[in-house]
S.K.: 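Please find one structure pasted underneath; my questions will follow.
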Protein chains: 2
Amino acid sequence: MKKKIATPESRRAQGMAQALDMMKIMSHPLRLSILCALIEHREMSAGEIVERIRAETPAKASQSQISQYLGQLREQGLITGRKEGQFIYYRIGDPRVKKLIALLHDLYCPA
Amino acid sequence: MKKKIATPESRRAQGMAQALDMMKIMSHPLRLSILCALIEHREMSAGEIVERIRAETPAKASQSQISQYLGQLREQGLITGRKEGQFIYYRIGDPRVKKLIALLHDLYCPA
DNA sequence: ATAATAAATTAAATTATTTTAATATAAAAA
DNA sequence: TTTTTATATTAAAATAATTTAATTTATTAT
């Protein structure tokens, strides 16, 4: 097959598209909360995440909804899931998530 | 009036809300392009921005649409507009925009 | 004044995302 | 094997964002 050559412009466009996907998926309060929780705890089961989100955000977010968010985040490679018995344990799957959230924290939560 | 005390949690929640707003508005290809163009050129008129966006993204984006994006970005303080005669010149209005875009560039456009 | 240019505004139409509700699957316990 | 627990899947309903098209305002030039 034909070898595709990446021009500087195509690399730039691809980078932009990835950055856009990243921000888009992170700009939802519950998805962002999930990522923050995983940064804090390194690994959590789906159920632990549900509890934690419910505790923060009183009376919102169904199990189904959170499972859907976890699916979206995993699909995009931001988290990984490992099955152990009936539980599924999630972790951050892309180090860029941590860097981005760290910067946001610096910018918007000044000491 | 009653003096509101900011607890650590309320500050965290507020920071999170601001970070969410920021990412939400930045996660649209044309709005992000506008911000990038303004970082590159420091100041551009609305018309120049329209041309530039049109050049990058062939045959998309109407004058009206771009004007609407400029309005959204200004409303949120990410850019400022200064009127000079019939032109309106825009600039980045929040230094955090630059920091965030710089990080995204590092993360997604590796040399 | 009239016309032309630069940019903003409004509203309707379209499309995408989010939420809700119901159901399904798979593993563990009874 | 029946039930319970943990999680995922699906589809419909609700909501929000985007796009398009038409119009408007303000400024400069004729």
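Side chains included, hydrogens not; waters and symmetry mates left out as well; all remaining heavy atoms used. All chains are named by letter (A, B, ...) in the order of the sequence lines, taking the proteins before the strands, and each is independently numbered beginning at 1.
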S.K.: Between P on C/dT17 and CG on A/L20, what's the gap in Å once rounded to a whole number?
M.R.: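 A/L20 atom CG is separated from C/dT17 atom P by 12 Å.
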
S.K.: Given atom CD of B/Q63 and atom P of C/dA4, what is their separation to the nearest angstrom?
M.R.: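 Atom CD in B/Q63 sits about 18 Å away from atom P in C/dA4.
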
S.K.: Name the closest nucleotide to the B/A46 side chain, picking from C/dT18, C/dA8, D/dA21.
M.R.: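 Within the option list, the nearest is C/dA8.
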
S.K.: Indicate yes or no for a side-chain donor-acceptor contact from B/S27 to the backbone of B/K24 under 3.5 Å, with no hydrogens or angles considered.
M.R.: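 Yes, the answer is positive, given that a donor and an acceptor are paired below the 3.5 Å cut-off.
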
S.K.: Heavy atoms under 4.0 Å, any strand shown: does B/S45 hit a base, just sugar-phosphate, or nothing?
M.R.: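 B/S45: backbone/sugar contact only, no base atoms under 4.0 Å.
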
S.K.: Counting C-beta onward and ignoring hydrogens, is there a side-chain heavy-atom pair between A/M23 and B/L32 closer than 4.5 Å?
M.R.: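 Contact flag for A/M23/B/L32 side chains = yes.
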
S.K.: Compile the donor-acceptor pairs under 3.5 Å between side chains in residues 97-111 of chain A and protein atoms, sequence neighbours left out, one pair per line.
M.R.:
none

S.K.: Looking only at side-chain atoms of B/R74, point me to the closest of C/dA8, D/dT7, D/dT9.
M.R.: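 Of all the options, the side chain of B/R74 is nearest to C/dA8.
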
S.K.: Ignoring backbone atoms, establish whether B/K83 has a side-chain N or O less than 4.0 Å from OP1 or OP2 of C/dA6.
M.R.: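 False: B/K83 side-chain N/O out of range (4.0 Å or more) of C/dA6 OP1/OP2.
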
S.K.: Can you find a donor-acceptor N/O pair under 3.5 angstrom joining the side chain of A/S67 to the base of D/dT9?
M.R.: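 Result: no qualifying N/O pair found.
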
S.K.: Over how many whole Å does the gap from A/R82 atom CZ to C/dA26 atom C1' extend?
M.R.: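 Atom CZ in A/R82 sits about 17 Å away from atom C1' in C/dA26.
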
S.K.: Can you find a heavy atom in the side chain of A/R31 that is under 4.5 Å from one in the side chain of A/M26?
M.R.: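 No. Closest side-chain heavy atoms not under 4.5 Å.
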
S.K.: Between the base of D/dT19 and the side chain of B/S64, is one N or O donor paired with an acceptor at under 3.5 angstrom?
M.R.: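 When only heavy-atom distances are counted, B/S64 does not reach the base of D/dT19 through any donor-acceptor pair under 3.5 Å.
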
S.K.: In whole angstrom, what separates A/L70's CG from D/dA6's C1'?
M.R.: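 Checked: the CG to C1' distance equals 12 Å.
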
S.K.: Quick check on A/R82: does its CZ atom have over 12 non-hydrogen neighbours (other residues, nucleotides or ligands) under 6.0 Å away?
M.R.: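 Count over threshold, so yes.
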
S.K.: Less than 3.5 Å apart, which donor and acceptor atoms pair up between the side chains of residues 13-22 of chain B and the rest of the protein, not counting sequence neighbours?
M.R.:
unit_1, atom_1, unit_2, atom_2, d
B/Q14, NE2, B/Q18, OE1, 3.4

S.K.: Compare the minimum distances between each of D/dT7, D/dT10, C/dA6 and the side chain of B/Q86, then state the nucleotide with the smallest one.
M.R.: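 Selected nucleotide (nearest to the side chain): C/dA6.
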
S.K.: Please tell me if A/K24 has a side-chain N or O lying less than 4.0 Å from either OP1 or OP2 of C/dA16.
M.R.: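 No, A/K24 has no side-chain N/O under 4.0 Å of OP1/OP2 on C/dA16.
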
S.K.: Determine whether any donor atom in the side chain of A/Q68 lies under 3.5 Å from an acceptor atom in the base of C/dT17, or the reverse, and answer yes or no.
M.R.: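 For A/Q68, whose side chain was compared with the base of C/dT17, there is no donor-acceptor pair (under 3.5 Å).
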
S.K.: Can a side chain N or O of B/Y69 be found less than 4.0 Å away from OP1 or OP2 on D/dT19?
M.R.: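 For D/dT19, OP1/OP2 do have a side-chain N/O of B/Y69 under 4.0 Å.
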
S.K.: To check you understand the geometry: which heavy-atom pair defines the closest contact between A/A61 and A/L30, and what is its length?
M.R.: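 It is CB-CD2, 3.6 Å.
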
S.K.: Side chains of B/R52 and B/H41: closer than 4.5 Å at any heavy-atom pair?
M.R.: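 Side chain of B/R52 against side chain of B/H41, heavy atoms only: contact under 4.5 Å found.
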
S.K.: Over how many whole Å does the gap from A/Q65 atom CD to D/dA11 atom C1' extend?
M.R.: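 After rounding, the gap between these two atoms is 15 Å.
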
S.K.: Within the 4.0 Å heavy-atom criterion, would you say B/Y89 contacts the bases, only the backbone, or no part of the nucleic acid?
M.R.: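 Touches nothing.
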
S.K.: Let me know the distance between CD1 of A/I53 and C1' of C/dT19, rounded to the nearest Å.
M.R.: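 After rounding, the reported distance stands at 16 Å.
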
S.K.: Bend angle of the helix from C/dA1-D/dT30 to C/dA30-D/dT1 from five-pair axes at both ends, rounded to 10°?
M.R.: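 The end-segment axes of the helix from C/dA1-D/dT30 to C/dA30-D/dT1 are tilted 10° relative to each other.
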
S.K.: Kindly say if A/H28 contacts the phosphate of C/dT19, meaning a side-chain N or O under 4.0 Å from OP1 or OP2.
M.R.: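 Looking at the OP1 and OP2 atoms of C/dT19, one of them is under 4.0 Å from a side-chain N or O of A/H28.
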
S.K.: Let me know the distance between CG of A/L30 and P of C/dT20, rounded to the nearest Å.
M.R.: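 Roughly 11 Å, once rounded to whole Å.
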
S.K.: Measure from CZ on A/F87 to P on C/dA27 and round the result to the nearest Å.
M.R.: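 Rounding to the nearest Å, CZ of A/F87 and P of C/dA27 are 13 Å apart.
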
